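Written out below as structure tokens is the structure these notes cover.
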Amino acid sequence: MYEFAVTAESKPSRYDDLFAALDALTDGEPDPIANMANAAALLWQYLPELNWAGFYRMIGDELVLGPFQGKAACIRIALGRGVCGTAAAERRTQLVEDVHAFPGHIACDAASRSELVVPIVHEGRLLGVLDLDSPSPARFDADDARGCERLVALLAPRLAG
Ligand code: SME
């Protein structure tokens, strides 16, 4: 049994705790799906105000749905399409305060209002993206982007298979 208590008050210390939990859970585990599944579970547990947290994997020339928490989601996303496809194509974090204002946003869950997508790159190879959605407008800020980029940096070599 794995039990992680969420106690941190401030956002940066919450990300510190999440980082430590993710490190402990994925250390020495080479299976990328298992590691993504546990990462999605931890993100869901630690971060408030989310309606979706999970992964899309780069397979061939498109993003394919990976492990996640939240409602069923679109399965395949072309590079450059929506927030996820843009993060993947540009290999740059996308912090979207209002998804309705993002050209081409793909509405998997009509409740989503804001979104944070971090590309996962390992040794120059794009492995996929981490995607967080929130029903609250402007839910994510620079602390979230930094926190999630750190998590992705920890995870990337553990998702390389
Ligand atoms: N909204 C995303 C699609 C993925 S879902 O939110 C899970 C996008 O525009 O890429």
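Just so you know, ligand 1 is whichever comes first in the structure, and atom 1 is the first atom listed for that ligand. We use all heavy atoms of the structure for the numbers below, so side chains are in, but hydrogens, waters and symmetry mates are not. Just so you know, these numbers come straight off a predicted model, no measurement behind them.
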*Would you please write out the protein residues whose heavy atoms approach any atom of ligand 1 to under 4.0 angstrom, listed by chain and number?*
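Near ligand 1, by chain and number: Trp52, Tyr56, Ala73, Ile77, Gly82, Val83, Cys84, His105, Ile106, Cys108, Glu115, Asp131, Asp133.
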*Counting heavy atoms not belonging to Ile33, are there more than 12 under 6.0 Å from its CD1?*
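Counting neighbours around CD1 of Ile33, more than 12 heavy atoms of other residues, nucleotides or ligands fall under 6.0 Å, so yes.
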*Decide if atom CD of Glu97 counts as having more than 12 heavy atoms of other residues, nucleotides or ligands within a radius under 6.0 Å.*
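Result for CD/Glu97: open.
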Do you see a donor-acceptor pair shorter than 3.5 Å between the side chains of [X] and [Y]?
X      : Y      : answer
Thr93  : Glu149 : yes
Asp133 : Asn51  : no
Thr26  : Asn35  : no

*What class does the angle between the rings of His105 and His100 fall in, given that below 30° is parallel, 30 to 60° is tilted and above 60° is perpendicular?*
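His105 vs His100 ring planes: perpendicular.
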